[in-house]
Amino acid sequence: MKALIPNIKSFYTDDANSQQLISTGETPVQVMLSMNAYSMIAEGVNIKLAIPKEGAILGVDTVGINKGTKHADLAYKFMNIALKPEIQEQVAKIYRGSPTVTNAHIDPELAKLPGMLTTPAQWNATINTDPQLRAEKTAEWRQWFSENIMSH
């Protein structure tokens, strides 16, 4: 990673900054969320999504319920709706996001898109970090990255 520093133009801090940098051509190559790339392509930005043959990092969004909430019943209701196969099918169709339930039926052409994970084998083939290790080490990793990569 340190050897790549001379080739790094910028570090972005949020999705909007990422999208601006690539849409203006300031950063012609980026590591970005596939959903963001597909959204930009749909908006007419001339970019192409590619995933290295070695694989890609899997980013998993989560939904949680705060302990002690007075609205747990509504939170569970929301989660149950969000995880319905027909809702996950719409997430895949509209946002090009991989369904998070195994019984969602995804159009075969959509399932072929880079970054679209629709089978257990595809999910298992991603580069994934042990959640416990990630929780324990994230602050340390961010500090190392800031000190050794971003500061150069």
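Residue numbers start at 1 and run along the sequence shown. Only heavy atoms go into these numbers, but all of them, side chains included; no hydrogens, no water, no symmetry mates.
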Test side chain to side chain donor-acceptor pair (under 3.5 Å) on S18 and Q30 and set out the steps. CA-CA 8 Å; S18 158; Q30 269 190 27; 2.6 Å; yes
Would a single hydrophobic cluster contain both I47 and L33, if residues Ile, Leu, Val, Met, Phe, Trp and Tyr are joined by side-chain heavy-atom contacts under 4.5 Å? no
So the salt bridge (Lys or Arg N to Asp or Glu O under 4.0 Å) pairs with at least one residue in residues 135-152 (sequence neighbours excluded) are K137-E140
Can you name the salt bridge (charged side-chain N to carboxylate O under 4.0 Å, His left out) partners of K112, sequence neighbours left out? E109
Residues two or more places apart in sequence or in another chain: which of them pass side chain to side chain contact (heavy atoms under 4.5 Å, CB included) with K2? I5, W144, N148, I149
To the nearest 0.5 Å, how far apart are CG in N36 and CD1 in I41? 11.0 Å
Heavy-atom closest pair, residues P114 and I51: C-CD1, 3.7 Å
Taking ring pair (Phe, Tyr, Trp, His ring centres under 6.0 Å) as the cut-off, I'd like each qualifying pair that reaches into residues 62-109, sequence neighbours left out, listed once. none
Transitive ILVMFWY side-chain link L49 to L21, under 4.5 Å: yes
Residues pairing under salt bridge (Lys or Arg N to Asp or Glu O under 4.0 Å) where one sits in residues 75-102, two or more places apart or in two chains, turn out to be none
For A92 and M116, work out which heavy atoms get closest and say how close. O-CE, 4.0 Å
Assigning hydrophobic clusters by single linkage (Ile, Leu, Val, Met, Phe, Trp, Tyr; side-chain heavy-atom cutoff under 4.5 Å), is M40 placed with M35? no
If you look only at pairs with a residue in residues 1-24, which of them pass as a ring pair (Phe, Tyr, Trp, His ring centres under 6.0 Å), with sequence neighbours excluded? F11-F145
How about T118 and Q122: does a side-chain donor come under 3.5 Å of a side-chain acceptor? yes
If you measure from CD1 on I22 to OG1 on T24, what distance do you get to the nearest 0.5 Å? 9.0 Å
Less than 4.5 Å apart, any side-chain heavy atom of I65 and any of M79? yes
Would you say S98's side chain and G115's backbone share a donor-acceptor pair under 3.5 angstrom? yes
Is it the case that one hydrophobic cluster holds both L113 and V45, taking links as side-chain heavy atoms less than 4.5 Å apart, direct or via other members? yes
Non-hydrogen atoms of Q88 and A104 that approach each other most closely: CB-CB, 4.2 Å
Consider only side-chain heavy atoms of I, L, V, M, F, W and Y, link residues closer than 4.5 Å, and tell whether V91 and V101 are in one cluster. no
Do I106 and P99 have side chains that approach each other closer than 4.5 Å (heavy atoms only, starting at C-beta)? yes
Please say whether more than 12 non-hydrogen atoms of neighbouring residues, nucleotides or ligands are located less than 6.0 Å from CG in N46. no
Distance col, row T119:OG1 vs N124:CG, nearest 0.5 angstrom, shows 8.5 Å
